[in-house]
2 protein chains.
Amino acid sequence: MLTERRATILGMVVSEYIQTAEPVSSRAIVANHHLDLSTATIRNELARLEDEGYITQPYTSAGRVPSDLGYRTFVEVLMSEDPVRAEEQRTIEHQMHQVGGGLDEWLSLSATILAGAVGNVAVVTRPRARASRLRNAQLVELNRDTALLVAVMDDGRVCQRMLTLRAPATQADLSDRAARLTARLEGVDASTVRALLAELTDADDAATARAIAELIDEERSAEETFLDGLSAVLKQPEFSDVDRMLEAVATLQAYRVRQLLEEAVGAVPGATRVVIGHEHGDDALQEWSVVLARYGDADALGTVAVIGPTRMPYHRTIPRVRYVAGLMSHLLHEVRQA
Amino acid sequence: MLTERRATILGMVVSEYIQTAEPVSSRAIVANHHLDLSTATIRNELARLEDEGYITQPYTSAGRVPSDLGYRTFVEVLMSEDPVRAEEQRTIEHQMHQVGGGLDEWLSLSATILAGAVGNVAVVTRPRARASRLRNAQLVELNRDTALLVAVMDDGRVCQRMLTLRAPATQADLSDRAARLTARLEGVDASTVRALLAELTDADDAATARAIAELIDEERSAEETFLDGLSAVLKQPEFSDVDRMLEAVATLQAYRVRQLLEEAVGAVPGATRVVIGHEHGDDALQEWSVVLARYGDADALGTVAVIGPTRMPYHRTIPRVRYVAGLMSHLLHEVRQA
DNA sequence: GGTTAGCACTCTCACGTCGAGAGTGCTAAC
DNA sequence: GTTAGCACTCTCGACGTGAGAGTGCTAACC
């Protein structure tokens, strides 16, 4: 049973360890928070906390280090969040408005800002529509028999694809075709586009429509992630040996990150979710934690996440992830709203 | 004076060191290439090569390591290139055609492929038009008073920007405006667009045209780089200590890479250029080499580069960089050709 | 029963020593 | 000009050691 006093002590161990990265000793605890207790009493309580699985010792007679359960308890009952104050909000929003561009620029920028704010790796995925639809298609002449198809989707994605034309066409022809197809295919999902293919007699019309259908459900929009903060996280003492560092770089490049983010499935926008160490299955990721939040609405969801060692300043990270996800929801709403 | 025999020996030192990363001893030289000479003779010649600055000793009585001058000589006169054989060409081209998408996807993919082929970091920049021009503009309604401007440039760039409208407009209005502006601004450079601004009486027409002008000469197209191969390069023995590795990650993230690539200024498409160690100015980059080639034509140039420690397999890297740059020129030509 | 002082015990870590090994430069002979 | 032989230099890993940090336990105390 976790008595109130032991809970307090656990909280101290966790926050101390998060701050210093050194195993926490009984002496450090009485020194930094004036409890009216001796180190011996603390040691007794620490022994109990260890029995109950909240903390561990790296070796006999070293200080204590939180276990995953310890962090979990910290996050859920002991910690008080460090809110994003008005000042910091202003800074973030100001940076966010520095760039005027499209969705991708916001995504990339938000990853950079978030990484800077929490000192760990930040990942932002492009929002993925449950079933996105075409909003507008345009064809641009590249040369006699090649055209660039630019399609804007209702979730704000802008996709492009090169098309080889059967019949040469002028820009006027192409614009005309794009207008015709937009009129017919706007607001329609991929399978419906495919159903309509039969009605298109012109070969190039059909090829264009087929390309549009492919662009609509191109998986890539889900895969693409914007990541920043790598060199910041590598400065953490957990990576002070070469093998760990290499492992970290390899883990954070591409493949694994996607697995980490699959934890996001089922999360609701507005809430943050924290996955700590062993709580995700993959062996290689057991020393990492992920704090994530989804943004967007029922039609298109993206993920904002921070990834770092389990020894992570959760009290700072969680509110910042939530805040940035909120900002992104807002921005996305502006873009989507028809 | 570099006699023929010393040149041969220098070549052996450099290739041996590139392969093993260990200082090369006189014994290693006679063991691996059957010269009819004793280690003592080799030692005499090594001493001469050291006097002349081609090689150095990490400490008294260790083997020899090439200096920047040694590498330079190797690259220019001693080395014979390891050509990209038909088999490998097929593999690369095959990977290249895996993805159907636009310019960005090609750029990103080519960086990945090149990094894999040479085992170092590869960087590809988006081609930058000397002065790019508008090919086509389209406006897409987002909500009552916001529209997305999508502009296609004659160098294949697709840019987007959100616009806030003074006067609400329907999609038909927007398409109409886009068509009008395209007709007027097509093939025109940024300063000319600005000159024409005065003629536009409608506030939203003017705002759109101004946005187009900004997109045309947005510097970002030059800055954006596609990079891959980080974790491969970190496995090289030169980064076997933590500080070096951190330094390497920091160097290769963003800022410095751009400086490295400035070496590209003035290079002509078709030729590769090699910058070794101290040959570029910045202190932090003195242990790095860059092999780069420009691609494209007179109107729009991009850069393909490989970055790695000075101990780099130049004989493999140079032909592969040249080959990929050639492929990119080809692809770009297809896209640009009007 | 909870709390605490005291103490023996354990484990890590930084430091210094030391010898093996690798490689050289030099000398003298060919 | 080439080469065998040898003394010399420097690195690097292994090993030992002692200081220091921190614990668990016991016994006394409130």
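FYI, side chains are in, hydrogens and waters are out, and symmetry mates aren't considered; it's all heavy atoms of this structure. Lettering of chains follows the sequences in order, A, B, ..., and the numbering in each one begins at 1.
With rounding to whole Å, Glu45(B) atom CD is found 12 Å from dG25(C) atom P. Between Tyr59(A) atom OH and dT10(C) atom P there is a gap of 15 Å when expressed in whole angstrom units. The interatomic distance linking Leu46(B) (CG) with dT2(D) (P) rounds to 14 Å, in whole Å. Distance Arg43(B) CZ to dA4(D) P: 10 Å, rounded to the nearest Å. Per the geometry, CZ belonging to Arg27(B) stands 5 Å off P belonging to dG23(C), to the nearest Å. Atom C1' of nucleotide dT3(D) and atom CG of Asp36(B) are separated by 13 Å, given to the nearest angstrom. If you measure from atom CD1 of Ile42(A) to atom P of dA21(D), you get 20 Å, rounded to the nearest angstrom. Between the CD1 atom of Ile9(A) and the C1' atom of dT3(C) there is a distance of 13 Å, rounded to whole Å.
In this model, the phosphate group of dA22(C) is not approached by any side-chain N or O of Ser25(B) to a distance below 4.0 Å at OP1 or OP2. For Arg64(A), a side-chain nitrogen or oxygen approaches OP1 or OP2 of dG24(D) to under 4.0 Å. For dT3(C), neither phosphate oxygen OP1 nor OP2 lies less than 4.0 angstrom from any side-chain nitrogen or oxygen of Ser38(A). In terms of phosphate contacts, Thr60(A) brings a side-chain nitrogen or oxygen within less than 4.0 Å of OP1 or OP2 of dC11(C).
Candidate nucleotides dC10(D), dG22(D), dG24(D) were compared by shortest atom distance to the side chain of Glu50(A), and dG24(D) ranks first. For Ser61(A), whose side chain is taken as the heavy atoms from C-beta onward, the closest listed nucleotide among dT9(D), dT3(D), dT23(D) is dT23(D).
The local environment of CD in Glu287(A) is sparse, with at most 12 non-hydrogen atoms from other residues, nucleotides or ligands closer than 6.0 Å.
Using a cutoff of 4.0 Å between basic side-chain nitrogens and carboxylate oxygens, Arg64(B) and Glu50(B) are scored as salt-bridged. The pair Arg72(A)-Glu279(A) meets the salt-bridge criterion, since a charged nitrogen lies less than 4.0 angstrom from a carboxylate oxygen. Salt bridge annotation for Asp241(B)-Arg244(B): present, with a cationic side-chain nitrogen under 4.0 angstrom from a carboxylate oxygen.
Using bins of under 30°, 30° to 60° and over 60° for the plane-to-plane angle, the ring pair Phe74(A)/His315(A) lands in the perpendicular bin.
Between Pro23(A) and Asn44(A), the residue anchored closer to the 5' end of DNA chain D is Pro23(A), taking for each the nucleotide with the nearest heavy atom. Between Arg5(B) and Pro58(B), the one whose closest nucleotide on DNA chain D sits nearer the 5' end is Arg5(B).
With a cut-off of 3.5 Å on both Watson-Crick or G-U wobble distances, the partner of dC30(D) is given as dG1(C). Pairing for dC26(C) is with dG5(D), a Watson-Crick or G-U wobble pair whose two hydrogen-bonding atom distances lie under 3.5 Å.
Residue Thr39(B) is out of contact with every strand shown, counting any heavy-atom pair closer than 4.0 Å.
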